[in-house]
Structures are given as structure tokens and as C-alpha cells.
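Below is one structure, written out as C-alpha cells; comments come after it.
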Amino acid sequence: MTKPSLPQGTRDFGPDVVRKRNFILSTIKNVFELFGFQPLETPAMENLETLMGKYGDEGDKLIFKILNNGLDNPGKEKQIRDDFEKVLQGKNTKGITERALKYDLTIPFARYVAMNHSQLTFPFKRYQIQPVWRADRPQKGRYREFYQCDADIVGSNSLLNEVELASIYAHVFDQLGINIIIKINSRRILAALAEICGEPGKLTDITIAIDKLDKIGIDKVKDELSQRGLNNDQVAIIEKYLSLTSMKEPLTVYDLLSKAKNIFGNNELAKKGFEEIEFVLDRVQKGTFAKLSADFTLARGLNYYTGMIFEVTATDVKIGSIGGGGRYDDLTGLFGVPNIPGVGISFGVDRIYDVMEELNLFPPDVHIGTQVLFFNLGEKESNVAFGLVQQLRQRNIRCELYHENVKFDKQFKYAEKKNIPYVVIVGSNELEQSTCTIKNLLQGSQQTILQKELINYDF
RNA sequence: GUGGUCAUAGCUCAGCUGGUUAGAGCAUCAGAUUGUGGUUCUGAGGGUCGUGGGUUCGAGCCCCAUUGGCCACCCCA
């Protein structure tokens with residue numbers, strides 16, 4: 001017998017952890033529903049070709065591929081060896097693998113929309129909370145299996161959608177008790193930046209470099225920009241642009257906007273980007289309690305974003321972003337269905353968990369499963385207790401009868417370990433008098449009442 | 001994919017420059033009390049020192065490989 005172990009980068013979630021995770025997930029889910037979103041689930045696996053080529057060369061390498069069945073068939077051995085040769089040469093992999101574990105929720109969603117667009121009512125708002133898999137090397141906050149939690153609106157260009165999504169962030173984090181800032185920017189402004197640098201083709205290079213600003217600082221970003229082929233003048237323009245947000249004196253968002261606009265002059269793309277930001281800022285500021293701010297250094301690595309982009313950070317904990325998203329044109333174009341734009345957001349469930357843990361934000365009763373434990377103190381006694389258990393369950397009170405007649409202290413310890421707040425004791429004394437004793441383990445108090453009153457007891 | 005670092009009981013760790021039969025705390029289980037737990041006391045179980053090779057009279061300790069954890073880079077959530 002070898003010791004059992006988990007595959008690299010995966011985790012078990014024990015009862016306590018699941019309870020806390022469910023608290024987060026159900027909060028998010030309820031808000032999604034509140035905003036009119038519908039649930040969607042897609043399979044753990046997709047056809048390999050659905051996934052390949054959608055995440056870039058790096059991404060392709062990180063897709064978990066599933067070995068075909070029947071590879072052990074002796075009659076096919078020659079064929080399979082030839083197929084494997086092809087795989088080694090990077091050609092066709094069909095003989096060995098045709099399916100893969102999903103890598104994110106967006107592409108399977110796009111596939112779903114492409115397959116069902118004729119039956120969907122647009123704008124289609126869906127949310128999806130499922131695990132995804134990446135063959136990445138694990139490290140802090142990075143796993144090979146992790147949950148994504150996405151909400152997208154497809155089939156509409158209205159900026160109202162962005163406003164809704166920002167409001168969802170505000171609602172969820174308000175309910176969870178996490179203070180946040182929602183940072184927004186527009187890819188159009190970044191594209192305009194590339195234009196005024198005279199390098200519209202280098203948009204991706206510029207965004208990748210800018211995206212690292214928080215992490216590596218302005219000097220290294222400048223280095224990276226030069227390495228990616230921008231000359232000193234161009235780097236200077238970008239530096240000026242980036243310096244907007246880092247200004248010392250507290251600016252209002254609107255001051256910031258007007259300063260930013262100066263850099264771009266009459267550039268059409270930039271104008272559109274600023275309009276977007278102003279629209280969303282205006283609506284959200286008016287309607288909710290959200291702390292929304294424009295951050296021109298926000299870039300986000302994913303290069304399928306084309307319009308507004310979002311990122312959420314917790315203000316009280318030093319941790320990366322706990323949510324992000326953006327607008328993309330033509331989600332389903334890759335699957336042959338053009339002209340379906342969309343905008344979506346995502347919650348970083350694991351990080352949100354860490355933030356809640358650090359700030360002690362989980363409500364104390366998340367751990368309470370069973371509310372009442374009935375002690376088992378003998379045959380006749382437990383029979384009565386069994387009847388009472390049934391009654392309480394009718395009232396929807398979670399309760400259980402200890403499984404055997406053992407010492408008090410064992411039964412107490414069981415209650416303590418399972419975080420059961422109430423214990424009901426029916427022993428020989430109670431049996432005689434048709435009473436039962438209710439003990440509150442949290443307060444240490446207890447009282448004895450008639451058995452027939454138990455059904456109305458306020459636990 | 002690249003690099004660093006670590007791996008000893010269920011958990012957290014000790015274990016000196018290689019030297020008898022590998023330790024502690026916590027946890028677990030059992031006993032003491034037996035209608036009120038978290039205290040105390042007593043006792044017990046549990047480790048082929050991640051795995052496989054090598055050096056040595058002798059390896060938990062040194063060397064090589066391998067697997068896994070953690071961390072950083074790449075990339076990303």
C-alpha cells in the first residue's frame with residue numbers, strides 16, 4: 001500500500017471550507033439571480049479542437065488533454081505508435097487525444113452560444129460557476145483545478161450592461177462585507193495610445209507591459225516597452241500617460257479625465273473610450289454605493305477585450321485583484337457565428353475566500369450544520385428521543401440522535417466537534433416526568449421543559 | 001517551461017561535524033469519575049525518516065536520480 005495523495009495542484013475541501021466557500025458562492029449566485037442572470041453549466045471536457053488555439057501558444061500547452069480510450073487494444077498497436085510519432089512532431093493528435101478538460105468558462109460559453117444562438121433570447125445573461133483545469137505549475141494562489149465564477153451578457157452593445165455588472169460587484173462585496181474599489185478603463189483608450197505612438201499593431205505588447213506596472217514599477221515597464229520594440233519617444237508618451245494616475249495630489253475622477261483627454265487630442269478612439277468611462281461612472285455613482293474609479297494604468301492581459309475593462313481590488317488586504325472582466329466584440333466568431341458582442345465579469349473565489357478569512361468576515365454560524373443533538377442514554381430513553389427528533393425535523397430543524405449509548409463526555413465531545421449549539425437530554429429522570437433538558441452549549445445554560453413543548457422551543 | 005527551497009508519527013516540529021533500540025508537544029484511543037463536556041491523572045497505539053540507487057564498518061544526516069509540497073520567473077485566475 002502506497003500512501004494516498006492528491007494530484008499536483010489539486011485540493012480537497014473539508015466540511016468547514018466547503019461551508020465557507022458555499023457562503024461566498026451562494027451570495028454571488030443570489031445577486032446574479034437578482035439581476036436577472038440565468039445559470040449555465042457545461043461539461044468538464046470539451047473537444048480538443050474547441051479549445052486549441054483560443055488561448056495563445058502558452059495557453060495551448062496548459063490544456064489538460066484526455067487520453068483516448070482503446071489505446072491498449074493490441075490490434076491497433078501499430079496504428080497508435082504511428083499516431084504517437086505524429087503527436088511528437090506536433091502534427092495531428094487525434095489518434096491519441098480528442099478531448100480536453102475545460103480551461104476556462106468563456107470559450108465553452110462561446111461554444112454554447114454559437115450552437116444555440118437561434119433559440120436564445122438576446123441579450124442572453126448567464127452565470128456559470130464551475131471548476132476549470134490548467135496544467136500550470138502550482139504556486140501561491142494558483143492551482144491546477146480551481147473554480148471560476150463568471151457572469152456575461154451577450155448580444156448587446158449597450159453600456160447599461162457595463163453599469164449592471166459594476167453594480168453586481170458592488171452588491172456582492174457589500175453583502176460579503178469586503179471594501180473594494182472597482183477600477184475601470186477602456187481598451188479603446190489603450191488602442192488610441194498605441195495609435196498616437198504610431199504603433200497600432202503593438203497594442204498587445206503595450207498592454208502586456210502596462211499590465212505589469214503594479215508589480216514591477218514604471219522603470220521596468222519602460223525597459224519592457226523598449227524590449228518590445230518601442231523607441232524612446234514612444235516610451236515617453238506612454239510614461240506621460242501612465243503618470244496620470246500616480247499623481248500625488250488627490251484629483252477627482254473628472255479632473256483626471258480632462259487631463260487624460262489632453263494627451264489624446266482629437267483621437268476618435270480615445271474619445272469613444274472616454275465617453276464609455278464617463279457614462280459608466282455617471283450611472284454607477286448615481287445609483288449605488290460603489291467606489292468606482294477610472295484607472296488608466298489598468299490594462300488586463302487578456303487580449304480579446306476590446307471595450308471597457310474592469311478590475312476589483314480589496315482595499316483592506318494586500319492581495320491582487322479579486323475580480324475582473326471586460327467587453328469583447330464577437331465572442332462567437334471563432335465558432336462561425338459572427339456579430340455577437342458581449343461583456344462579462346469574473347469573481348476570484350479563492351482570493352475572496354482568503355480576504356474573508358484574513359478579515360474574519362465569515363459569519364460565526366457558517367459552521368453550524370446540525371442544530372440539535374439528542375443524547376442517547378439507553379434503549380427506552382433513545383426511543384423517546386427518536387420520536388422527538390422526528391418532530392423537530394418536521395419543523396425543519398436540523399437534528400440528530402447520537403448513534404449509541406455511551407458516556408456523556410463522549411456525546412458532549414461529538415457535539416462540540418460538530419459545532420452543534422444545542423443538546424437535548426432525555427435520561428431516566430426526564431423519562432419519568434415526560435420532560436427533556438435543553439442545554440445551550442455556547443452559553444452553558446440549560447433548562448428543563450415538557451417533551452410536548454419541545455416542538456415549540458425556539459432554537 | 002526555467003530557477004530556488006524543503007520532505008522525520010495524523011498535525012507542528014527537534015534530531016549536534018555520519019555512531020547503539022529515532023524524540024517532544026498537540027491529536028487519537030483506552031482506563032480513573034459513571035446524569036452534565038472543554039480540567040486533571042495513568043496508560044496505549046502509531047514512523048521501512050517521500051521513493052529508488054550510491055558512498056561508508058555504519059546514513060534521518062553525505063552524493064545522484066525521481067516524486068511531491070512551497071516560493072519566484074514566464075504566463076495567468
Side-chain angles (χ1 to χ4, degrees), chain A residues 1-11 14 54-63 102-106 129-150 204 207-209 211-212 215-216 220 224 227 299-305 310-313 319-326 344-354 373 375-378 381 402 405-433 435-448:
Chain A
M1 271 295 273
T2 49
K3 277 190 187 174
S5 62
L6 283 170
Q8 190 180 30
T10 65
R11 302 162 284 173
K54 309 299 193 297
Y55 308 105
D57 291 343
E58 289 291 327
D60 282 356
K61 286 185 206 155
L62 300 180
I63 293 172
K102 66 169 170 254
Y103 181 88
D104 70 357
L105 301 180
T106 306
I129 303 173
Q130 290 191 276
V132 301
W133 294 268
R134 295 186 188 178
D136 207 352
R137 191 178 280 199
Q139 58 175 278
K140 192 174 188 71
R142 282 171 78 170
Y143 303 94
R144 291 185 145 187
E145 178 187 71
F146 62 98
Y147 277 75
Q148 286 197 333
C149 177
D150 287 13
T204 305
T207 52
I208 288 174
D211 195 39
K212 295 180 182 170
K215 228 176 183 177
I216 62 177
K220 294 214 169 143
E224 175 135 3
Q227 272 172 34
R300 297 196 60 78
L302 294 175
N303 51 25
Y304 56 74
Y305 289 132
F310 300 93
E311 200 159 285
V312 180
T313 43
I319 196 168
S321 67
I322 54 177
I345 56 170
S346 173
F347 287 83
V349 177
D350 289 298
R351 280 189 182 172
I352 292 172
Y353 183 97
D354 290 343
L373 177 71
F375 273 21
N376 184 330
L377 298 167
E381 291 86 343
Y402 197 80
N405 178 9
V406 293
K407 291 185 297 188
F408 260 67
D409 102 324
K410 257 199 121 163
Q411 304 198 37
F412 267 122
K413 276 183 180 159
Y414 179 81
E416 190 190 340
K417 278 191 186 154
K418 278 190 77 174
N419 284 303
I420 300 172
Y422 290 97
V423 153
V424 172
I425 299 167
V426 180
S428 51
N429 295 350
E430 286 86 356
L431 196 62
E432 266 176 39
Q433 296 160 20
T435 57
C436 58
T437 298
I438 302 164
K439 176 156 181 158
N440 181 330
L441 295 190
L442 302 174
Q443 295 166 6
S445 60
Q446 68 178 55
Q447 57 175 304
T448 302

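Order of the sequence lines sets the chain letters (A, B, ...), proteins ahead of strands, with each chain counted from 1.
- Formation of a donor-acceptor pair under 3.5 Å by the A/Asp150 side chain with backbone atoms of A/Leu105 is not found in this model.
- Within 4.0 Å (heavy atoms only), A/Gly427 reaches at least one base atom of the nucleic acid.
- For A/Phe412, whose side chain is taken as the heavy atoms from C-beta onward, the closest listed nucleotide among B/rC71, B/rU36, B/rC70 is B/rU36.
- Applying the Watson-Crick and G-U wobble criteria (two distances, each under 3.5 Å), B/rA30 pairs with B/rU42.
- Across B/rG18 and B/rU5, the matching C1' atoms stand 23 Å from one another, rounded to whole Å.
- Here the side chain of A/Gln443 pairs no donor or acceptor atom with the backbone of A/Asn440 at under 3.5 angstrom.
- With hydrogens and angles ignored, no donor-acceptor pair closer than 3.5 Å exists between the side chain of A/Gln8 and the base of B/rU67.
- A distance-only check finds no donor-acceptor pair linking the side chain of A/Glu311 to the backbone of A/Ser321 [under 3.5 Å].
- With P as the reference atom, B/rC74 and B/rG3 are 16 Å apart, rounded to whole Å.
- Nucleic acid contact for A/Gln446: base, since at least one base atom lies under 4.0 Å from a heavy atom of the residue.
- Between A/Gln411 atom CD and B/rU36 atom P the separation is 13 Å, expressed in whole Å.
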_salt bridge (Lys or Arg N to Asp or Glu O under 4.0 Å) between A/Arg144 and A/Asp136, worked out_ = CA-CA 6 Å; A/Arg144 291 185 145 187; A/Asp136 207 352; over 6 Å; no
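- Each of A/Lys410 and A/Gly444 lies near RNA chain B, and the nucleotide nearest A/Lys410 is the one positioned closer to the 5' end.
- What separates CD1 of A/Ile129 from P of B/rA77 is a distance of 17 Å, to the nearest Å.
- Stacking between A/Phe408 and B/rG37 is absent: the ring centroid is not both under 5.5 Å from the six-membered base ring centre and under 30° in plane angle.
- Within the 4.0 angstrom heavy-atom criterion, no nucleotide atom of any strand lies near A/Tyr55.
- At the phosphate of B/rA27, neither OP1 nor OP2 sits under 4.0 Å from any side-chain N or O atom of A/Lys413.
- Pairing for B/rU2 goes to B/rA72, judged as Watson-Crick or G-U wobble with the two contacts each under 3.5 Å.
- Between the side chain of A/Lys439 and the base of B/rU36, at least one donor-acceptor pair of N or O atoms lies under 3.5 Å.
- Of the P atoms belonging to B/rG50 and B/rA9, the separation is 8 Å, rounded to the nearest Å.
- Between A/Ser346 and A/Gln148, the side chains place no donor N or O within less than 3.5 Å of an acceptor N or O (distance only, hydrogens not considered).
- One atom, CZ of A/Arg142, and another, C1' of B/rC74, lie 8 Å apart when rounded to the nearest Å.
- If you measure from atom CG of A/Asn376 to atom P of B/rG35, you get 15 Å, rounded to the nearest angstrom.
- Using a 30° and 60° split on the angle between ring planes, A/Tyr103 and A/Tyr55 fall in the tilted class, from 30° to 60°.
- Residue contacts for A/Glu416: at a heavy-atom cut-off of 4.0 Å it reaches a base atom on one of the strands shown.
- Separation of the P atoms belonging to B/rG25 and B/rU21 is 23 Å when rounded to the nearest angstrom.
- Rounding to whole angstrom units, CD of residue A/Glu145 and C1' of B/rC76 are separated by 17 Å.
- Of the charged side-chain nitrogens involved, none lies within less than 4.0 Å of a carboxylate oxygen, so that A/Arg11 and A/Glu145 do not count as a salt-bridged pair.
- Using a 4.0 Å heavy-atom distance criterion, A/Ser428 is classed as a base contact.
- Remark: the separation of the P atoms in B/rG19 and B/rU33 is 47 Å, to the nearest Å.
- Remark: the separation of the P atoms in B/rU28 and B/rU39 is 10 Å, to the nearest Å.
- Base engagement by A/Asn429 is indicated by at least one non-hydrogen atom pair under 4.0 Å involving a base atom.
- On a pure distance criterion of 3.5 Å, no polar donor-acceptor pair joins the side chain of A/Arg137 and the base of B/rC75.
- Counting non-hydrogen atoms under 4.0 angstrom, A/Leu441 reaches a base of the nucleic acid.
- As judged by a 4.0 angstrom heavy-atom cut-off over every strand, A/Gly141 is placed among the base-contacting residues.
- Atom-to-atom, CG of A/Asp60 to C1' of B/rC76 comes out at 14 Å; the value is rounded to the nearest Å.
- Regarding A/Leu377, its CG atom lies at a distance of 16 Å from the P atom of B/rU34, rounded to whole Å.
- Across the P atoms, B/rA77 and B/rC73 are found 16 Å apart, a figure rounded to whole Å.
- Pairing of B/rU56, defined by two Watson-Crick or G-U wobble distances under 3.5 Å, is not identified with any nucleotide.
- To the nearest angstrom, C1' of B/rC76 lies 10 Å from CG of A/Asp211.
- One finds no side-chain N or O of A/Gln148 lying less than 4.0 angstrom from the OP1 or OP2 phosphate oxygen of B/rA77.
- A/Ile425 comes within 4.0 angstrom of a base, heavy atoms only.
- Taking the C1' atom of each, B/rU42 and B/rC62 are spaced 44 Å apart, rounded to whole Å.
- Nucleic acid contact for A/Gly9: sugar-phosphate only, since backbone atoms but no base atoms lie under 4.0 Å from a heavy atom of the residue.
- Residues A/Thr435 and A/Thr448 have side chains that never bring a donor and an acceptor to within less than 3.5 angstrom of each other.
- The phosphate of B/rG35 (OP1 or OP2) has no side-chain N or O of A/Lys407 nearer than 4.0 angstrom.
- Between the side chain of A/Glu430 and the base of B/rG35 there is at least one donor-acceptor pair of N/O atoms closer than 3.5 Å.
- For the pair A/Lys417 and A/Arg144, both in contact range of RNA chain B, the more 5′-proximal nearest nucleotide belongs to A/Lys417.
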